[in-house]
2 protein chains.
Amino acid sequence: MDELDSAIVEHLQRDARQTNRELARKLGIAPSTCLERVRALRNRGVITGYHAAVDLRALNRPVQALLSVQVRPLSREVIEGFKTYAAGLPEVLSVFVVAGSEDFLVHVAVPDVDQLHSFLLDRFSKRREIVNFRSSVIYQHLSNPVTTPLGPAE
Amino acid sequence: MDELDSAIVEHLQRDARQTNRELARKLGIAPSTCLERVRALRNRGVITGYHAAVDLRALNRPVQALLSVQVRPLSREVIEGFKTYAAGLPEVLSVFVVAGSEDFLVHVAVPDVDQLHSFLLDRFSKRREIVNFRSSVIYQHLSNPVTTPLGPAE
DNA sequence: GTTGAAATAAGGCCACC
DNA sequence: GGTGGCCTTATTTCAAC
């Protein structure tokens with residue numbers, strides 16, 4: 001994981017579909033070298049995949065929310081069960097299992113606030129393990145396009 | 001945005017680097033047709049980009065946390081200012097601007113808990129607009145690989 | 001909007017440095 | 001580990017349906 005690897009990872013996070021030749025040109029190395037590096041990064045598991053990003057509004061899902069969920073009892077079975085259940089719902093973008101006063105944070109995207117309400121009533125309220133939940137509408141969500149390595153003493 | 005478009009978007013979310021020919025073959029259409037559809041989805045803004053996903057452990061950032069932040073006064077300037085500040089920090093993966101008791105949720109990834117502590121002290125404690133914050137370590141983070149369109153009455 | 005074929009460009013392998 | 005050349009394969013354009 002040297003400087004060249006970091007640069008490759010950064011460029012591919014910005015645009016995963018640029019050609020190998022273009023990437024090699026930007027980095028000032030031969031295309032075959034570049035290809036070898038990229039392949040090694042993939043095999044070592046540094047790059048885990050290539051994904052298209054989509055506009056949630058175009059998919060009729062402009063309303064986002066974060067749902068804090070508390071479950072009981074705090075057993076492995078209950079945690080795993082709810083986690084798997086939530087991650088499998090089509091409205092759910094991602095599930096955070098967290099320490100602290102809440103046990104889960106569930107990021108959802110739905111067509112409108114009515115369907116957010118319906119989602120909570122139909123998918124959450126009926127679950128017996130949920131002892132408490134709270135929903136926060138998301139006004140805005142900014143994602144950092146690139147994730148770079150951090151040193152021990154940044 | 002018909003069935004074919006949805007199928008293309010789903011496949012490209014799973015693997016953005018599959019060749020156009022392969023994608024066309026899976027969908028049972030001609031490569032040129034497929035290319036035209038993909039280009040249209042990109043131009044219409046349905047597909048916003050193609051990004052490589054990276055393993056945070058490989059980047060020496062295995063410790064993740066969600067930081068709830070409350071700022072005051074709740075003016076446009078303060079909100080915008082903190083949002084831009086947080087999004088620009090290298091430790092930050094994404095920033096949620098939320099309704100409810102907290103104003104922001106900041107998703108960070110750092111090398112270890114010591115650096116999480118340092119981050120809070122150096123980057124947050126000194127900001128005058130922050131009146132309260134709370135940090136929750138993330139035990140696990142599951143992301144739904146595909147985001148599909150949702151109908152008005154799912 | 002979709003297709004097939006032809007031209008252009010890229011990916012991938014191998015011998016060499 | 002990096003490079004340059006050759007062959008294979010894919011992307012892209014375009015005329016026709």
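To find a chain, count down the sequence lines: A is the first, B the second, and so on, and within it residues start at 1.
Contact between the side-chain N/O atoms of A:R37 and the OP1/OP2 oxygens of D:dG1 is not found at any separation under 4.0 Å. Residue A:R25 places no side-chain N or O under 4.0 Å from the OP1 or OP2 atom of C:dA9.
Closest to the A:L4 side chain, of the nucleotides D:dG4, D:dT13, D:dG2, is D:dG2. For A:I29, the side-chain atoms get nearest to D:dT3 when compared with the rest of D:dT3, D:dG2, C:dG12. Considering only the side chain of B:L35, D:dT12 comes nearest among D:dG4, D:dT12, C:dT2.
At least one side-chain heavy atom of B:S135 sits under 4.5 Å from a side-chain heavy atom of B:L120.
Residue A:R17 is classed as having no contact, given no heavy-atom separation below 4.0 Å to the nucleic acid. Base contact: A:T33 has a heavy atom under 4.0 Å from a base atom.
We find that CG of A:N20 is positioned 17 Å from P of C:dA9, with the value rounded to whole Å. The CG atom of A:L27 sits 14 Å away from the C1' atom of D:dG2 (whole-angstrom rounding). For the pair B:E36 CD and D:dC14 C1', the computed distance is 12 Å after rounding to whole Å. Remark: P of C:dA10 and CD of B:E22 are 20 Å apart, rounded to the nearest angstrom. Per the geometry, CZ belonging to A:R39 stands 14 Å off P belonging to D:dG1, to the nearest Å. Straight-line distance from the CD atom of B:Q18 to the C1' atom of C:dG11: 17 Å, rounded to whole Å.
A cation-pi arrangement, defined by a distance under 6.0 Å to the six-membered ring centre and an angle within 45 degrees of its axis, is present between B:R127 and B:Y85.
Panel note: side chain A:S143, backbone B:S94; no donor-acceptor pair is recorded below 3.5 Å.
Each of A:R21 and B:T19 lies near DNA chain D, and the nucleotide nearest A:R21 is the one positioned closer to the 5' end. Remark on DNA chain C: of its neighbouring residues B:P31 and A:S32, the 5'-side contact belongs to B:P31, judged by nearest-heavy-atom nucleotide.
More than 12 heavy atoms of other residues, nucleotides or ligands sit less than 6.0 Å from atom CZ of A:R72. Under a cut-off of 6.0 angstrom, the local environment of CZ in A:R44 is crowded, with over 12 non-hydrogen atoms contributed by other residues, nucleotides or ligands.
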